[in-house]
There are 2 protein chains.
Amino acid sequence: MARKRLTREESRDQTRQRLLEAAAVVIAKKGLAATSVEDIAAHAGYTRGAFYSNFKSKTDLFIELLKHDHADIQQGLQEILDSKLSIGDMQKQLAKFYVQAYCGDNSYVLWAEARLHAMRDARFRTRLSALLLEKRDMCAYFIEKFCDLMGKTLPAPASDLAFGTMALIDGVRFFNDSMPNELPDQRAQQLLSAMFSATFFSS
Amino acid sequence: MARKRLTREESRDQTRQRLLEAAAVVIAKKGLAATSVEDIAAHAGYTRGAFYSNFKSKTDLFIELLKHDHADIQQGLQEILDSKLSIGDMQKQLAKFYVQAYCGDNSYVLWAEARLHAMRDARFRTRLSALLLEKRDMCAYFIEKFCDLMGKTLPAPASDLAFGTMALIDGVRFFNDSMPNELPDQRAQQLLSAMFSATFFSS
DNA sequence: GATTTCAAATACAGATGTGTATTTGTATTC
DNA sequence: GAATACAAATACACATCTGTATTTGAAATC
């Protein structure tokens, strides 16, 4: 099996990583508040000792989780933008990316959880707000880029449109999860693209 | 002061009502999972005994809370529809109503909380789903009614548009709360109405 | 290879919650 | 006004989580 003998630092990093992964799963499943430090540690195969030796608190770990997720998304989008594909192909890639990011895994649940938590914890709100701003600006950047490429003028400030876009996507997903099968994925996609193209290309 | 001497039933109803009101406040403030039965009872000025004598569980009370809220909204909208105002005035009333319902109080937080909870509790999801369906249909009914009055044809099934409308409003509000002051209420309003009129009147 | 260091486990002391069973006091019934 | 009924309080037994303090065993250092 060639199980490599790990150095202290490698081992520590592995533990951190496993704790983060476990936290993502458990928090998405049970919710942030209902998830105990014990849950996270146990699901990762450790005890609470390992947790407190790696993170200051559950909130701290959670922020780190969100940062990782945000970085992953940003990287994914940047790669598409840098890919120098045609506009059509880029759009396809983008659509595919969003389907994966928003429907495939549970990261969107974590962000919903985070936004609710932010309402109750001022410190957390500050930190989350910064992340969301980055997200919005990233989204705005893409919107501008695309509209530029397509020779369209924007009907509103890009940052506002980015805000609306994120809100709509998240909102649809959020509603859809709580009333499953009412709006099949395909119709949801249609609805989203109808609203988007109406918004962006109506003028 | 003429504090009326209450009958047993009146007293019981009062307790129920107070528990519901207290629950709305506490759950909006701390979140459903973080709110204990104790919290609710105490905030209403009772002990847990009173709670368990009136509700089977926290979830049960929560569903009732949502039902009440839904009924209130429905009634409000129905009154506007029945008011026989001009279309313009109706629109104004409607806008005012939404501002009040979605920005004024905390009911929207409860629904967000509910949707997250629904992901984790199948029984609850079933019950919530029914409520959300009612909400969506109510919204669809209004959309049809209005478009009828304005002589417009809908670009998509009313129920889908209703879904999108609710998702967008909720999404914007949700984002806005977690990154306050980024999108002032007024700009949010503008953005919303821009997206709506684009969607509904583009074709 | 003995010594030191540190990641993770374990032990501890306390807080808070749960749901049920029982009690209490006031309205209702006779 | 005594008996009854029931809303709400209290008592109980137990479960779970928290954060810190201490211990342990394996890597790093010499």
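If you're wondering where the values come from, they're calculated on a predicted model, not measured in any experiment. Below, chain A is the first sequence line, B the second, and so on; all start at residue 1.
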Donor-acceptor pair, distance only, cut-off 3.5 Å: does the side chain of B:S197 make one with the backbone of B:S193?
yes
Can you pull out every salt bridge (charged side-chain N to carboxylate O under 4.0 Å, His left out) where at least one residue sits in residues 32-45 of chain B? Sequence neighbours excluded, please.
B:K30-B:D39, B:E38-B:R48
Would you kindly give the CD-to-P distance between B:Q17 and D:dA7, to the nearest whole Å?
17 Å
Using whole Å, report how far CD of A:E10 lies from P of C:dA8.
13 Å
I'd like to know if the side chain of B:Q75 pairs up with that of B:E79 as donor and acceptor (distance under 3.5 Å, no hydrogens or angles considered).
yes
So, does B:R120 use its side chain to make a donor-acceptor pair with the main chain of A:A28 at under 3.5 Å?
yes
Under 4.0 Å: is that the gap between some side-chain N or O of B:N54 and OP1 or OP2 of D:dA7?
no
Expressed as a whole number of angstroms, how long is the span from B:Q14:CD to D:dA7:C1'?
13 Å
Select one nucleotide: of D:dT10, C:dA9, C:dA7, the one nearest the side-chain heavy atoms of A:Y46.
C:dA9
Taking the cut-offs as 6.0 angstrom to the six-membered ring centre and 45 degrees off its axis, would you call A:R16 and A:F55 a cation-pi pair?
yes
Donor-acceptor pair, A:E144 side chain versus A:Y141 backbone, under 3.5 Å?
no
So, is B:S11 close to the D:dA8 phosphate, meaning a side-chain N or O under 4.0 Å from OP1 or OP2?
yes
Over how many whole Å does the gap from B:F51 atom CZ to D:dT10 atom P extend?
18 Å
Report the distance from atom CG of A:D39 to atom C1' of D:dC17, rounded to the nearest whole Å.
10 Å
Set of salt bridge (Lys or Arg N to Asp or Glu O under 4.0 Å) partners for A:D69, sequence neighbours left out:
none
Could you encode protein contacts along nucleotides 18-25 of chain D as a string, one character per nucleotide from 5' to 3', using B for base contact, S for sugar-phosphate-only contact and - for no contact, with a heavy-atom cut-off of under 4.0 Å?
BBB-----
To the nearest angstrom, how far is A:L19 atom CG from C:dA8 atom P?
8 Å
Which whole-number value in Å describes the distance from B:D13 CG to D:dA7 C1'?
12 Å
To the nearest angstrom, how far is B:R16 atom CZ from D:dA8 atom P?
11 Å
C:dA8, C:dT28, D:dA8: which one has an atom nearest the side-chain heavy atoms of A:A50?
C:dA8
